[in-house]
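Both counts, for ligands and for their atoms, begin at 1 and track the order of listing. Hydrogens, waters and symmetry mates play no part in the numbers below; they use all other heavy atoms, side chains included.
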Amino acid sequence: MEPLIFTLPLMQMASGDTLSLQVYEFTGATAGKTAYIQANLHGAELAGNAVIHRLIQHLSAQPPDYLAGTLRLVPVCNPLGVNTRAHNFASGRYNPYDGRDYNRIFWDYEKAAGDIAGFAEAHRNSAAADILQAYRHQIQAAFQREREAIQAAPHLPVHQLYRNQLQSLALDADYVIDLHTSSNRGLTYLYFMEGRSLGARLFNLDFAILLDDYDGDAFDEAFLKPWLALERSLSDLGRTVQFDLEAYTLELGSGMDLEAPAVERGYQGVMRYLSHKGVLEAPIPADVPEMPLSRTSQVTKYYAATGGLIESRVDPGTWVRPGDGLYTLLRFNKSGLLPEAVVQQSDRAGMVFDVATNRAVNQGEYILALMQFD
Ligand SMILES: [Zn+2]
């Protein structure tokens with residue numbers, strides 16, 4: 001099976017060079033769902049590109065009846081960020097020009113749309129498949145109007161160039177997988193949204209975090225949030241529907257790295273997920289693995305209480321109890337005193353899952369993140 005490869009111009013640089021996106025699209029012998037997978041939206045988060053490479057290699061060696069539907073893959077989906085590279089020290093996560101987080105720029109139909117409750121009322125007695133089709137059509141029409149409006153304007157800021165291209169590639173998908181890594185050093189896990197814990201478990205990563213607090217401008221959120229709003233509106237009318245639409249953000253290890261175990265787990269997770277969903281004809285392991293679940297509201301980030309150098313700290317994956325040491329900060333001073341090493345204790349139980357790569361912190365800068373499970 002050969003992918004269709006096409007290149008989309010993204011933006012022209014001051015030098016005259018054009019930054020582009022290259023899309024690899026596999027189409028199966030039979031009709032089916034559409035899965036969209038991108039990687040490296042944050043510039044320092046490289047591992048997902050290796051997962052996509054593995055998927056391309058694997059699918060290229062398979063016959064067309066291996067795939068039902070469409071698998072659309074976009075590696076290095078943010079060329080500007082990828083070339084900017086680094087993370088907390090610099091700006092691969094943020095556009096240096098306008099300061100925006102590349103993954104907080106997306107168009108949220110729920111905010112743009114208006115009357116989702118009215119739509120639910122009008123379609124409350126329709127078949128679920130008909131509701132899905134009508135609502136998707138409405139989202140795509142609204143997105144098209146938005147695109148036409150901004151294309152007609154003689155100005156288009158960078159974040160809109162990005163979001164227009166990336167969202168136009170994913171809007172017709174059923175399953176969206178956004179491959180990230182930590183900005184720092186982290187474990188292998190994923191974010192999921194309401195009602196999608198079963199799908200989240202298929203990836204079989206270290207754990208999964210429910211987005212219980214979100215505003216819809218991240219890529220996965222922007223895709224699924226309008227559908228969750230519709231599901232809630234229908235539920236208010238006594239109609240229980242869960243559409244077979246899902247979006248996940250995978251975090252595959254550390255920034256500025258392609259850690260082989262994280263790449264392998266990401267690849268195996270995506271394969272397992274797509275097989276369970278019937279997109280791939282790969283053999284499906286019968287069991288759905290148990291995976292510890294948490295939620296974003298149960299994540300605590302620790303920031304430096306004073307400036308200093310992090311002499312030691314716990315590694316990602318370390319479980320702590322209240323009173324256990326999290327890190328030791330070496331503090332120098334300009335007040336004629338000897339330097340001191342201060343141990344910061346944890347004020348709660350949980351697991352440390354992400355730590356700063358940077359060891360020199362000013363007061364208030366990020367050191368590590370700890371999570372409590374459900
Ligand atoms: Zn990221």
Side-chain angles (χ1 to χ4, degrees), residues 10 21 36-52 73-96 98-108 158-159 162-163 165-167 169-170 176-193 200 203 205-211 213-225 247-259 262-263 265-267 269-270 294-296 299 301 316 353-358 365-366 368-369 371:
L10 189 57
L21 299 173
Y36 173 82
I37 304 179
Q38 67 178 20
N40 217 165
L41 181 56
H42 285 140
E45 304 179 7
L46 311 175
N49 298 312
V51 171
I52 288 181
L73 305 168
V74 185
V76 286
C77 75
N78 178 1
L80 199 59
V82 175
N83 294 324
T84 308
R85 294 168 300 196
H87 40 104
N88 278 5
F89 310 106
S91 49
R93 186 181 184 90
Y94 302 96
N95 186 320
D98 63 14
R100 285 172 184 263
D101 182 324
Y102 285 117
N103 197 20
R104 300 291 183 275
I105 59 176
F106 292 101
W107 177 81
D108 173 11
V158 173
H159 72 277
Y162 271 87
R163 81 177 190 200
Q165 287 290 32
L166 290 179
Q167 284 188 282
L169 288 169
V176 165
I177 304 170
D178 197 9
L179 302 174
H180 288 239
T181 71
S182 168
S183 291
N184 289 280
R185 271 190 62 208
L187 299 177
T188 299
Y189 61 99
L190 77 158
Y191 291 97
F192 68 101
M193 299 181 83
F203 290 93
L205 302 181
D206 291 331
F207 57 90
I209 301 179
L210 170 69
L211 290 162
D213 177 22
Y214 56 86
D215 47 23
D217 52 7
F219 194 79
D220 55 348
E221 296 167 4
F223 175 78
L224 198 60
K225 183 169 172 273
Y248 302 97
T249 293
L250 273 56
E251 303 284 343
L252 302 177
S254 303
M256 293 312 294
D257 206 341
L258 296 96
E259 295 167 338
V263 170
R265 291 199 66 183
Y267 171 70
V270 169
S294 183
R295 51 194 69 221
T296 41
V299 171
K301 289 185 176 174
F353 70 99
D354 188 87
V355 300
T357 307
N358 175 26
E365 290 183 352
Y366 172 72
L368 57 82
M371 177 179 39

Asker: Give the atom name of whichever N/O/S atom in His180 sits closest to the Zn ion (ligand 1).
Answerer: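 Result: ND1.
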Asker: Taking the six-membered ring where the residue is Trp, are the ring centres of Phe203 and Phe192 under 6.0 Å apart?
Answerer: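 That pair fails the under 6.0 Å test.
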Asker: Report the name of the N/O/S atom of His42 located nearest to the Zn ion (ligand 1).
Answerer: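 Going by distance to the Zn ion (ligand 1), the closest N, O or S atom in His42 is ND1.
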Asker: Are any N, O or S atoms from Glu251 nearer to the Zn ion (ligand 1) than 2.8 Å?
Answerer: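 So Glu251 does not count as coordinating the Zn ion (ligand 1).
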Asker: Quick test of your reading of the model: are Asp206 and Arg265 salt-bridged, counting only N-O distances below 4.0 Å?
Answerer: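 So Asp206 pairs with Arg265 through a salt bridge.
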Asker: Suppose we only allow N, O or S atoms; which atom of Glu45 ends up nearest to the Zn ion (ligand 1)?
Answerer: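 It is OE1, the N, O or S atom of Glu45 closest to the Zn ion (ligand 1).
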Asker: For Asp354 and Tyr366, run side-chain hydrogen bond (donor to acceptor under 3.5 Å, both in side chains): C-alpha distance rounded to whole Å, both residues' side-chain angles, the deciding distance at 0.1 Å, then the answer.
Answerer: CA-CA 10 Å; Asp354 188 87; Tyr366 172 72; 2.4 Å; yes
Asker: Do Tyr214 and Tyr191 make the cut of ring centroids closer than 6.0 angstrom?
Answerer: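 Ring-ring flag for Tyr214/Tyr191: false, centres at least 6.0 Å apart.
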